[in-house]
Amino acid sequence: MSLRDLANPHIRELEPYRGGRPIEEVERELGIANVIKLASNECPLGPSPRVVATIEAAAANLNRYPDGNCHYLRQELATRLEVAPENLCFGCGSDELLGLLSKIFLGPGDEAVFAWPSFAMYPVVVHGMGASPIEVALDADLGTNVERLAAAVTPRTRLLFLANPNNPTGTSIGTAAFAALLEAVPERVVIVADEAYYEFVRRPDFPESLRCFEQRPSLIVLRSFSKAYGLAGLRIGYGVGHPEMIDLLDRARQPFNVSSIAEAAAREALRDTDHAGRIQDLNRRGLAQLEQGFEALGLGYARSDANFVLLELGERVAAIHDGLLGAGVITRRMNAFGLGESLRVTVGLPEENERFLKALGRELSH
Ligand SMILES: Cc1ncc(COP(=O)(O)O)c(C=O)c1O
């Protein structure tokens, strides 16, 4: 008998999430230095120096348990978002909240609907509860098709994940499509509007999802400090929803799921609006730089509302990816997402984008 035989079958069969390769691993393996990572949709700028100083100061109190309610962060974020404090729930990254929502609403035999390709954690959290993921193909232009999402709902559907903007395509849906989705999906289905890249959105008609959960308590909006605040390593995200939804999340979560360091850092990150503005500005300019570069190289790409771009490279994608790696640029292949001819590249610092575009140009000219 192996230990695996003792495990729940749906855990045993789970495909673990595979992240981008760490810089150190690539440097060690290829025997090269100065590798840059444009593979995991991380912020290329370090955290705000004010946040780093806050973390250092908060470290002196690590003998104490955190405030399990994140009282001060809750007050400050509620004011910022113009919601009530009881509309907020915090988590160890928005990843944790995705897992908690699955734990609350899914069980064996249930279904969760989402567009595909989309965020790789959706099938993981759904399978983790012994439920069935129902994947709905994106449109040919890689947009999320809300009519097809709604049509995939069955009596067994309990959850619907909407990554907006979507990862790995960077595409988003606007106000009209969002309203159509809320209208078409029955209220007994919980809609999770996963807005991890919200702060980078460029389209003017992005849905005001925070103004919708009053009317529809079965809608929850997830956001993150990982991307636009450069705090991916700290692990803090939040959910905004109806107090009844927040109450369920509070019951399902661990009492101290957000560390005292993470709470203090997130508060300071919110206050340092200059740094947040720098990150957004860097991303806006970086997207333009990449788009210009791709157009000069005659490459197709999806217009992105996030901090990465999905690039179409055709049959030579594997060789190009490996060539880039050899030149010290880590990007992400998308074959696991059914996008076998695409590469996803995260917006880097201007000099990193430049280095990537030059290396890409060299690979294409071979
Ligand atoms: C669409 C989407 N949702 C959620 C997450 C998770 O973010 P966090 O770091 O807050 O767990 C990611 C991370 O890449 C993402 O792409």
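Ligands are counted one by one from 1 in listed order, and the atoms in each one are counted from 1 as well. Computed over heavy atoms, backbone and side chain alike; hydrogens, waters and symmetry mates excluded. Just so it is clear, the model here is predicted, and its values are computed rather than measured.
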For this session: With atom 2 (C) of ligand 1 as the reference point, say which of Asn167, Asn41, Asp194 has the nearest heavy atom.
Result: Asp194

For this session: Please confirm whether Arg158 makes a cation-pi placement over Phe105, using NZ or CZ under 6.0 Å from the six-membered ring centre and within 45° of the ring normal.
Result: no

For this session: Say whether Ala196 and ligand 1 are in contact under the criterion: heavy-atom distance to a ligand atom below 4.0 Å.
Result: yes

Problem set entry | Worked check of side chain to side chain donor-acceptor pair (under 3.5 Å) between Asn307 and Asn283 | CA-CA 6 Å; Asn307 65 347; Asn283 194 65; 5.1 Å; no

For this session: State whether the shortest distance between N or O atoms of Ser224 and N or O atoms of ligand 1 falls below 3.5 angstrom.
Result: yes

Exercise. Which one of Arg223, Arg235, Met121, Lys227 has a non-hydrogen atom at the shortest distance from atom 14 (O) of ligand 1?
Worked result: Lys227

Exercise. Taking the side chain from Asn61 and the backbone from Arg64, do they hold a donor-acceptor pair closer than 3.5 Å?
Worked result: no

Problem set entry | Interfacing atoms of ligand 1 (cut-off 4.0 Å, heavy-atom, Asp95) | 6 (C), 11 (O)

Exercise. If only atom types and distance count, is the side chain of Asp272 paired as donor or acceptor with the main-chain N or O of His275 below 3.5 Å?
Worked result: yes

For this session: Using the rule that two of Ile, Leu, Val, Met, Phe, Trp, Tyr join whenever any of their side-chain heavy atoms come within less than 4.5 Å, decide whether Phe200 and Val221 are in one cluster.
Result: no

For this session: Among all protein heavy atoms, pick the one closest to atom 12 (C) of ligand 1 and tell me residue, atom and distance.
Result: Phe119 CZ, 3.3 Å

Problem set entry | Atom indices of ligand 1, in the order listed, that fall short of 4.0 Å to a heavy atom of Ser226 | 8 (P), 9 (O), 10 (O)

For this session: Look only at interatomic distance and state if Tyr122 has a nitrogen or oxygen under 3.5 Å from any nitrogen or oxygen of ligand 1.
Result: no

Exercise. Counting distance only, does the side-chain N/O of Arg80 pair as donor-acceptor with the main-chain N or O of Leu270 below 3.5 Å?
Worked result: yes

For this session: Assess the pair Phe225 and Tyr238: is the distance between their ring centroids shorter than 6.0 Å?
Result: yes

For this session: Step through it carefully: locate the ring centre of Tyr197, locate the ring centre of Phe308, and say whether they are under 6.0 Å apart.
Result: yes

For this session: Write out the residue and atom name of the closest protein heavy atom to atom 7 (O) of ligand 1, then the distance separating them to 0.1 Å.
Result: Ser94 OG, 3.2 Å

Exercise. Among the heavy atoms of Phe225, does any lie under 4.0 Å from an atom of ligand 1?
Worked result: no

For this session: Check whether any heavy atom of Glu96 sits under 4.0 Å from an atom of ligand 1.
Result: no

Exercise. Going by the atom numbers of ligand 1, which of them fall below 4.0 Å from some non-hydrogen atom of Tyr197?
Worked result: 1 (C), 13 (C), 14 (O), 15 (C), 16 (O)

